[in-house]
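Written out below as structure tokens is the structure these notes cover.
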Amino acid sequence: MNLLPWTIYVSFAGALLALAAGARSAAAARGVALATALAGWALALAAAADFAPGPGLQPLVDVPWIRGFGIRYHLAADGISLTLVMLTGLAATAGVLFSWNITDRPGAFFAYYLALIGGVYGVFLSADVFLFFVFYEIAIVPKYFLIARWGSTRREYGAMKLALYSFAGSALVLVGLLWLYAATGAAGFGLSELARAAAALPREPQLAMFGLVFLGFAVLAGLFPFHTWAPTGHVAAPTAASMLLAGVVMKLGAYGCLRVAMVVFPDALAWWQPILAWLALVGIVYAGLVALVQDDLKFVIGYSSVSHMGFVLLGLAAANLQSVAGAVLQMFSHGVIAGLLFAVVGRMVYERTHTRRLDDLRARPLHRLLPFAAVVFVAAGVASMGLPGFSGFPAELTILIGTWQVSRTWALVAAVGVLVAGAFTLRAIQVSFFGRSAADAGPDAGSHPLDPITWPERAGALLLLAATLLVGLKPDLLLDWIIPSLQSPLFQAILKGGAS
């Protein structure tokens with residue numbers, strides 16, 4: 001487990017090396033980026049092999065940082081953070097493979113990319129809330145430059161919208177945390193210290209502080225009605241950035257809701273619970289219906305990402321053992337599946353056909369021209385629908401079971417969202433890859449063959465596909481880490497408060 005902090009250090013060091021290597025050649029920058037991503041993932045796997053699940057955070061590093069405010073460089077991990085660190089290593093490796101074609105300033109591209117990854121690792125391993133916030137901001141900043149410099153459709157607009165929404169949410173979080181610190185005179189910014197300080201406050205300030213912190217984090221998680229940055233950002237971003245945005249960056253918001261807002265203010269959760277649950281439910285159904293009528297395939301995946309993140313937020317709002325465990329499992333599952341869908345659409349299809357419009361794709365027999373992409377997209381699509389055998393099934397089922405125990409109405413509305421997801425996914429599969437057969441398209445349909453799928457694309461797709469299959473067939477691999485973590489006193493206060 002002591003290897004986990006090195007995921008942060010290796011990523012930031014790799015960013016500097018990639019920047020320097022890019023001055024020599026694109027191949028050198030790619031090599032450094034892939035080696036760095038693989039090293040981070042290998043460190044996570046080594047830590048997982050040595051991990052003994054149990055309640056509470058296992059300390060990794062704890063030294064004073066800013067003594068006057070009681071701020072510490074405190075890193076720690078439990079089964080929840082380890083699950084998301086594993087997701088980050090996998091997504092980072094796959095993203096590099098799907099960026100193998102980057103030739104425009106590759107050193108700078110991979111430097112921003114690896115800096116973002118380092119920030120994400122830092123968020124998932126931080127046990128000091130101030131340190132958490134610092135890494136959170138570090139993870140957000142590179143996204144702007146990745147989209148604005150290497151993006152496609154309306155990239156400046158998409159990058160700026162993402163940045164403004166993200167920083168507005170961060171401002172709410174910072175106000176809530178500083179208000180708590182000033183009002184209570186807390187000894188520091190440790191999770192336990194802030195939770196004890198918040199418990200001594202009257203009910204009304206707790207409710208206001210919880211609202212600021214939870215909603216501030218939930219902006220990045222795509223909570224309705226603060227979700228509109230997400231589809232725009234997904235569409236504008238280059239493929240690897242889309243994969244990271246959906247795969248891990250949106251998880252930062254949900255993780256902040258769980259690890260910070262709910263842990264520090266457990267008593268306020270019960271009052272906010274129905275509001276948050278209905279916002280999540282509206283997001284599930286509304287984003288699904290919007291995805292159903294989109295004509296841009298990447299927008300379909302972008303809105304589907306918001307819909308599926310709604311299940312994560314619903315699981316957190318339901319606040320019992322099953323729903324929260326399912327929410328964490330859904331974070332992993334959605335990160336893998338959404339990353340795979342964006343990889344197919346952005347890299348395999350768009351880079352070859354130069355279009356994402358469903359009407360244009362309908363006119364081509366893509367299942368014949370790009371058979372590997374068709375197979376992978378179908379597999380990822382049915383995984384996102386929750387087909388048994390893929391990770392989406394146990395994740396959403398666990399959330400629905402937990403939600404049913406709190407409110408049958410919530411569970412039934414969420415089930416409607418599952419049906420809508422099936423509708424927009426099947427439509428996307430049918431229209432984009434099977435809209436017209438080779439015979440119907442005419443004799444010239446195959447006269448302009450598309451570039452074959454490359455080995456990095458195949459390797460990245462197979463890694464993500466294997467992950468969703470492995471977790472789908474044996475979800476206990478992750479649940480055996482997640483559920484014991486929820487037995488800690490801080491999480492037990494959440495579950496008790498949310499169920500009341």
Report summary line: Here the pair of heavy atoms bringing P394 nearest to T398 is O-OG1, 2.5 Å
Query raised in the report: Any side-chain heavy atom of L366 sitting closer than 4.5 Å to one from T353?
Result: yes
Query raised in the report: Would you call I147 and K161 a side-chain contact if the rule is heavy atoms closer than 4.5 Å?
Result: no
Side chains of residues 336-346: which donor-acceptor pairs under 3.5 Å do they make with residues two or more places apart or in other chains?
none

Query - Sub-4.5 Å side-chain heavy-atom contact between L478 and V328 - result: no
Query raised in the report: What closest approach, in Å, do A76 and L57 show between heavy atoms, and which atom pair accounts for it?
Result: CB-CB, 3.7 Å
Query - L191 and V129, any side-chain heavy atoms less than 4.5 Å apart - result: yes
Report task. Check whether any side-chain N or O of Q273 sits under 3.5 Å from a backbone N or O of A317 as a donor-acceptor pair, and report yes or no. Result -> yes
Query - Heavy-atom closest pair, residues G402 and Q322 - result: CA-CB, 3.8 Å
Query - Backbone N/O of L486 and side chain of Q492: donor-acceptor pair under 3.5 Å - result: yes
**Report entry** Minimum heavy-atom distance A325-I482, with the two atoms named
**Finding:** CA-CG2, 3.9 Å
**Report entry** Counterpart residues, salt bridge (charged side-chain N to carboxylate O under 4.0 Å, His left out), relative to E396 (two or more places apart)
**Finding:** none
Query raised in the report: What is the distance from atom CH2 of W100 to atom OG1 of T454, rounded to the nearest 0.5 Å?
Result: 10.0 Å
Query raised in the report: Does F491 reach the side chain of V324, with side-chain heavy atoms less than 4.5 Å apart?
Result: no
Query - side-chain contact (heavy atoms from CB on, under 4.5 Å) evaluation trace for L426 with Q430 - result: CA-CA 6 Å; L426 290 174; Q430 171 64 32; over 6 Å; no
Report task. Hey, could you give me the OG1/OH distance between T232 and Y165, rounded to the nearest 0.5 Å? Result -> 8.5 Å
Requested in this report: Enumerate the residue pairs fulfilling side-chain hydrogen bond (donor to acceptor under 3.5 Å, both in side chains) with a member in residues 286-297, sequence neighbours excluded, ordered by first and then second residue.
Outcome: D295-R357, D296-R356
Query - Gap between atom CG of L400 and atom CG of L314 - 0.5 Å precision - result: 7.5 Å
Query raised in the report: Looking at L258 and I494, what are the two nearest heavy atoms and their distance?
Result: O-CD1, 4.1 Å
**Report entry** Partners meeting salt bridge (charged side-chain N to carboxylate O under 4.0 Å, His left out) with R155 (sequence neighbours left out)
**Finding:** none
Query raised in the report: Quick one: are R149 and F109 in side-chain contact, heavy atoms under 4.5 Å?
Result: no
**Report entry** Geometric class of the F132/F217 ring pair [parallel <30°, tilted 30-60°, perpendicular >60°]
**Finding:** perpendicular
**Report entry** Interatomic spacing from OH in Y113 to OG in S11 - rounded to 0.5 Å
**Finding:** 10.0 Å
Requested in this report: Could you note down all residue pairs passing salt bridge (charged side-chain N to carboxylate O under 4.0 Å, His left out) where residues 217-233 supplies at least one of them, sequence neighbours left out?
Outcome: none
Report summary line: In short, I429 meets G381 closest at the heavy-atom pair CD1-CA, 4.3 Å
Query raised in the report: Sequence neighbours excluded, which residues qualify as side chain to side chain donor-acceptor pair (under 3.5 Å) partners of K143?
Result: none
**Report entry** Backbone of G315 reached by a side-chain donor or acceptor of S323 within 3.5 Å
**Finding:** yes
Query raised in the report: L116 and V249: side-chain contact (heavy atoms from CB on, under 4.5 Å), yes or no, with the steps?
Result: CA-CA 9 Å; L116 187 157; V249 174; 4.0 Å; yes
Query raised in the report: Under the side-chain hydrogen bond (donor to acceptor under 3.5 Å, both in side chains) criterion, do Y136 and S126 qualify, and how do the steps go?
Result: CA-CA 10 Å; Y136 187 84; S126 293; over 6 Å; no
Report summary line: CG of L245 to CD1 of I140, rounded to nearest 0.5 Å, is 10.5 Å
Query raised in the report: Between S485 and G79, is there a donor-acceptor pair closer than 3.5 Å when you use the side chain of the first and the backbone of the second?
Result: yes
Requested in this report: For K251 and A246, indicate whether the former's side chain and the latter's backbone hold a donor-acceptor pair under 3.5 Å.
Outcome: yes
**Report entry** Any pair counted as side-chain hydrogen bond (donor to acceptor under 3.5 Å, both in side chains), so long as it reaches residues 460-477, sequence neighbours left out
**Finding:** S391-T468
Query raised in the report: Within a strict 4.5 Å, meaning less than it, do heavy atoms of the R347 and R352 side chains meet?
Result: yes
Query raised in the report: Going through the checks in order, is the side-chain contact (heavy atoms from CB on, under 4.5 Å) test met by L125 and V85?
Result: CA-CA 8 Å; L125 295 176; V85 166; 3.9 Å; yes
**Report entry** Distance (rounded to the nearest 0.5 Å) between F377 CZ and F433 CZ
**Finding:** 6.0 Å
Report summary line: Taken in chain and number order and not counting sequence neighbours, the residues that satisfy ring pair (Phe, Tyr, Trp, His ring centres under 6.0 Å) with W41 are none
**Report entry** Partner residues of R458 under the salt bridge (charged side-chain N to carboxylate O under 4.0 Å, His left out) criterion, sequence neighbours left out
**Finding:** none
Report task. Sequence neighbours left out, what passes ring pair (Phe, Tyr, Trp, His ring centres under 6.0 Å) with F124? Give chain and number order. Result -> Y255
Query raised in the report: Do L297 and T355 come within less than 4.5 Å of each other through their side chains, counting heavy atoms only?
Result: no
Query raised in the report: Would you say S304's side chain and I301's backbone share a donor-acceptor pair under 3.5 angstrom?
Result: yes
Query - From CA spacing to verdict: side-chain contact (heavy atoms from CB on, under 4.5 Å), R259, D78 - result: CA-CA 11 Å; R259 182 69 77 185; D78 61 6; 2.8 Å; yes
Query raised in the report: What side-chain hydrogen bond (donor to acceptor under 3.5 Å, both in side chains) pairs are there with at least one residue in residues 401-429, not counting sequence neighbours?
Result: none
Requested in this report: Give a yes or no on whether the ring-centroid distance for F167 and Y144 is below 6.0 angstrom.
Outcome: no
Report task. Using the test ring pair (Phe, Tyr, Trp, His ring centres under 6.0 Å), find all partners of F424 that sit at least two apart in sequence or belong to another chain. Result -> none
